[in-house]
Amino acid sequence: MPYRSDDPVLDATDLHKTFTTGRIGMGRRRVSAVDGVSLRLRAGESLGIVGESGCGKSTLARMLVGLERPDSGTIRVHGRDITRARGRDRRLLRRQVQMVFQDPYTSLDPRMTVGELVAEPLAVHRMCGGTAGRRDRVAELLTLVGLAPELMNRYPHQFSGGQRQRIGIARALALEPEVLVCDEPVSALDVSVQAQVVNLLSDLRRRMAIALVFIAHDLSVVRHVSDRTAVMYLGRLAELGDTPTVHDRPAHPYTQALISASPVVDRSARGRMAGRIVLAGDPPSPSDPPSGCRFHTRCRLARDRCSAEQPPLRPFPDTDRAVACHFAEEAADVLAPVRRG
């Protein structure tokens, strides 16, 4: 079947990933990091992924770029299944799906100059001819991310955190990918620099029509950069939909609590989410997740059905989103007393 321009550039279906922890003979445990996650991304679209630490966001990102292989499920790029790709298909994945890592310093080899770091993927994939052609391409990429080409002979330790992240972005763009997966790309940066990097990524997405997967803890950052938002809890999707709807009218009790906990200077600026929802207890261990809905142990609306039956990710009425909650409609109504405006 030929690929159509309106088809997703990246299509992940029912991904599962489990890790085994502990030593042999000393009570090894299986940890479910990602459990049945499906995502679709079209050319030029931006998808934000949010959730607490340990919910599986980074594991999902590593599967999307081929650094981890899913236990089950499929990942397709332009309709081609590359889930367990090898050889030519794996090289195709490397070129079309690139990653920007969380820590810009540890992701850059300190023994290599900036020019060598950015040119390395070009040399591996035999692009831009010889040394002179690759050097010209490196200069172009550094200019694209707001750095002077004259800096290519310096080493990573000679740059600030924000500049190092720009170098990481330039290296990720070297192969002209169609999808850029950003795993908390601003969390290791000073607050004063975070906005610059976020604005750079947004500008590159518009100019180059790159699809963007943006993982972050900061909901305000995700709202700024993403067309759609996916909320993860303990390896599963709790809510998925267009960003304004998810942020302004959340339907899943976990999404509501997550947004209500987001710090703002003026609480009225949170729009209709002006109240604070405090969750009881700590997140369950991914090595021993609750039965049924994984959020039911902390949910204010939990009932017997929640512990017995896993809720599917289903369409929510009258909105362009899906919610994994048996009582999502009721949750949205219960939220009304703490809303303003």
Side-chain angles (χ1 to χ4, degrees), residues 2-3 5 7-12 41 43-44 61-70 74-101 103-156 158-159 163-183 185 200-201 203-205 207-213:
Y3 174 78
S5 60
D7 285 337
V9 61
L10 180 67
D11 188 357
L41 200 63
R62 293 174 66 85
M63 286 194 289
L64 294 179
V65 299
L67 294 178
E68 296 281 358
R69 293 184 185 274
T74 59
I75 301 173
R76 291 183 172 85
V77 177
H78 283 316
R80 178 181 293 184
D81 189 347
I82 48 83
T83 310
R84 290 165 180 79
R86 297 184 183 276
R88 181 182 176 184
D89 286 342
R90 193 163 185 81
R91 288 174 65 88
L92 174 68
L93 172 65
R94 288 282 186 260
R95 289 191 59 170
Q96 293 187 331
V97 185
Q98 286 285 304
M99 188 167 186
V100 177
F101 294 90
D103 189 339
Y105 190 70
T106 57
S107 64
L108 302 175
D109 190 334
R111 299 167 297 180
M112 300 175 69
T113 66
V114 168
E116 292 170 337
L117 286 165
V118 178
E120 185 177 29
L122 299 173
V124 170
H125 289 268
R126 300 177 182 178
M127 296 175 62
C128 300
T131 302
R134 289 196 289 270
R135 188 176 180 85
D136 291 341
R137 176 59 175 160
V138 170
E140 179 184 341
L141 288 165
L142 291 179
T143 302
L144 184 65
V145 298
L147 295 175
E150 294 78 15
L151 300 176
M152 69 172 66
N153 293 322
R154 295 188 181 183
Y155 290 85
Q158 296 176 288
F159 294 86
Q163 289 174 321
R164 285 195 289 262
Q165 194 59 288
R166 289 174 185 267
I167 295 167
I169 294 171
R171 184 177 60 177
L173 295 175
L175 300 178
E176 300 180 356
E178 296 186 60
V179 180
L180 199 60
V181 179
C182 303
D183 186 10
L200 172 64
L201 289 170
D203 181 59
L204 291 172
R205 180 173 71 93
R207 291 168 57 186
M208 305 177 69
I210 296 177
L212 191 68
V213 177

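In this text the structure is predicted, and so the values were computed from the model without any measurement.
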Taking the side chain as everything from C-beta on, heavy atoms only, tell me whether [X] gets closer than 4.5 Å to [Y].
X      : Y      : answer
Gln96  : Ile82  : no
Val9   : His78  : yes
Pro156 : Leu117 : yes
Val118 : Met152 : no

Heavy atoms only: give me the nearest [X]-[Y] pair and the separation to one decimal.
X      : Y      : result
Arg62  : Met99  : CG-CE, 4.4 Å
Ala172 : Leu180 : CB-CD1, 3.6 Å
Ala170 : Leu142 : CB-CD2, 4.4 Å

What residue among Leu64, Val65, Leu41 forms side-chain contact (heavy atoms from CB on, under 4.5 Å) with Val179?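 So the option named by the test is Leu41.
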Validation: residues 103-110 side-chain donor-acceptor distances under 3.5 Å, sequence neighbours left out:
unit_1, atom_1, unit_2, atom_2, d
Asp103, OD1, Tyr105, N, 2.9
Ser107, OG, Asp103, O, 3.1
Ser107, OG, Pro104, O, 3.4
Asp109, OD1, Arg111, N, 2.9
Asp109, OD1, Arg111, NE, 3.2
Asp109, OD2, Arg111, NH2, 3.3

How many angstroms lie between [atom1] in [X] and [atom2] in [Y], if you round to the nearest 0.5 Å?
X      : Y      : atom1 : atom2 : result
Leu67  : Asp183 : CG    : CG    : 10.0 Å
Gln163 : Gln158 : CD    : CD    : 10.5 Å
Asn153 : Glu116 : CG    : CD    : 8.5 Å
His125 : Leu175 : NE2   : CG    : 5.0 Å
Arg171 : Gln98  : CZ    : CD    : 8.5 Å
Leu200 : Ile169 : CG    : CD1   : 5.0 Å

Show me, pair by pair, the donor-acceptor contacts under 3.5 angstrom made by side chains of residues 128-138, not counting sequence neighbours?
unit_1, atom_1, unit_2, atom_2, d
Arg134, NH1, Gly129, O, 2.9
Arg137, NH1, Glu140, OE2, 3.0

Strictly distance-based, threshold 3.5 Å: is any side-chain N or O of Arg205 a donor or acceptor partner for the main-chain N or O of Gly44?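 Here the side-chain-to-backbone pair exists.
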With a 3.5 Å distance limit and no angle check, can you tell me whether Gln165 reaches the backbone of Phe101 through a side-chain donor-acceptor pair?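 Such a contact is found between Gln165 side chain and Phe101 backbone.
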For [X], what residues pass the side chain to side chain donor-acceptor pair (under 3.5 Å) criterion, not counting sequence neighbours?
X      : result
Asp81  : Thr83
Glu68  : none
Arg154 : none

What residues form a salt bridge (Lys or Arg N to Asp or Glu O under 4.0 Å) with Asp203, not counting sequence neighbours?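 For Asp203, the residues satisfying salt bridge (Lys or Arg N to Asp or Glu O under 4.0 Å) (neighbours in sequence not counted) are Arg207.
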Does the side-chain contact (heavy atoms from CB on, under 4.5 Å) test come out yes or no for Leu147 and Ile167, once each step is laid out? CA-CA 8 Å; Leu147 295 175; Ile167 295 167; 3.7 Å; yes
So Leu173 and Ile210, side-chain contact (heavy atoms from CB on, under 4.5 Å) or not? Walk me through it. CA-CA 10 Å; Leu173 295 175; Ile210 296 177; 3.4 Å; yes
